[in-house]
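Quick notes on the structure that follows.
These numbers come from the heavy atoms of this one structure, side chains and all, not from hydrogens, waters or symmetry mates. Counting starts at 1 for both ligands and their atoms, in listed order.
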Amino acid sequence: MKVVEIQNLCFTYSRKGTPIIDDFSFSLNTGEIVGVLGQSGSGKSTLLRLISGLEMPTKGTITIAGKPVVGKHIFVQPEDRGVGMVFQDYALFPHMTVKENILFGLSRMARKGWKQRVQEMLELVHMEEFGDRYPHELSGGQQQRVALARALAPKPKILLMDEPFSNLDADLKESIREELLSILKKANITCMIVTHDRKDVEAICDHSITMCPLIVEHGGSGQKFQTFP
Ligand SMILES: Nc1ncnc2c1ncn2[C@@H]1O[C@H](COP(=O)(O)OP(=O)(O)O)[C@@H](O)[C@H]1O
Ligand SMILES: [Mg+2]
């Protein structure tokens, strides 16, 4: 089954500006982990923001788990899309503990399930001992795992990760990659991972797409991107 289907997506930040995304079509099957490669400024983060509902496209359709979320006269709000997002800087709430950060994602779930779900998420990301700490008391890798736990807690249909390794020490990268892959597999989640490092894709992803910047290469024939099986 297709978890995400994108058809003929177009987007510009300003009405007269250059298109950032032009006639972009793409689909993603259940359980796949797809890498989104491309140089800086090619629209990778914008693509994730369009899928999660933080931006509104000028044209095109997006369907998530069979439900149209973007289309003619359709715009489903981010919180109703079933999309989990891990931002480049993790965007944890600094004044909330790890547990409170994870709880934040659960406000729509029945209150009686909260405690158990937080516990499950702490176990999934191996952070059982750290539930009462604040983000500034954690390493970068630990903060990333909390962001992952918060995004996965509401059981999203798809997880979007924007440059998950860019803020981590290079010498930790390999072990964090392995750990991330094992968490994603255990959570059995469909995932898109933005990165500019092909090695991340080789280590984690089933396949990848490469975005090309339209500002340089726009030829009017649609977004150029390559897929690698
Ligand atoms: N809020 C914004 N307003 C105007 N232009 C933006 C905004 N955010 C990004 N852009 C531009 O859109 C293009 C794509 O940006 P982005 O999606 O962040 O690329 P990437 O994540 O691949 O580096 C860039 O040229 C960037 O300057
Ligand atoms: Mg980006």
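Side-chain N or O atoms of T30 include one that pairs as donor or acceptor with a backbone N or O of M1 at under 3.5 Å.
Between L50 and F24 the shortest side-chain heavy-atom distance does not fall below 4.5 Å. You'll find the side chain of K99 reaches within 4.5 Å of the side chain of L122, heavy atoms only.
Heavy atoms of G38 come nearer than 4.0 angstrom to ligand 1 in no pair at all.
Contact annotation for Q39 and ligand 1: only backbone heavy atoms (N, CA, C, O) come within less than 4.0 Å of the ligand.
Shown in contact with T46 at under 4.0 Å from a heavy atom are these atoms of ligand 1, numbered in order with element: 14 (C), 15 (O), 16 (P), 17 (O).
Residue-environment remark: CD (E128) exceeds the threshold of 12 foreign heavy atoms within 6.0 Å. A 6.0 Å sphere centred on NZ of K157 holds no more than 12 heavy atoms belonging to other residues, nucleotides or ligands.
Below the 2.8 Å limit, the Mg ion (ligand 2) has as protein N, O or S neighbours S45 OG.
In terms of heavy atoms, G38 sits closest to K44 at O-NZ, 2.8 Å.
When only interatomic distances are considered, the shortest N/O to N/O separation between I20 and ligand 1 does not fall below 3.5 Å.
Applying the under-4.5 Å side-chain rule to Ile, Leu, Val, Met, Phe, Trp and Tyr, the cluster around F93 extends to M96, F104.
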* Asked: Run the salt bridge (charged side-chain N to carboxylate O under 4.0 Å, His left out) check on E120 and R117 step by step: do they pass?
  -> CA-CA 5 Å; E120 282 170 13; R117 188 67 183 154; 2.7 Å; yes
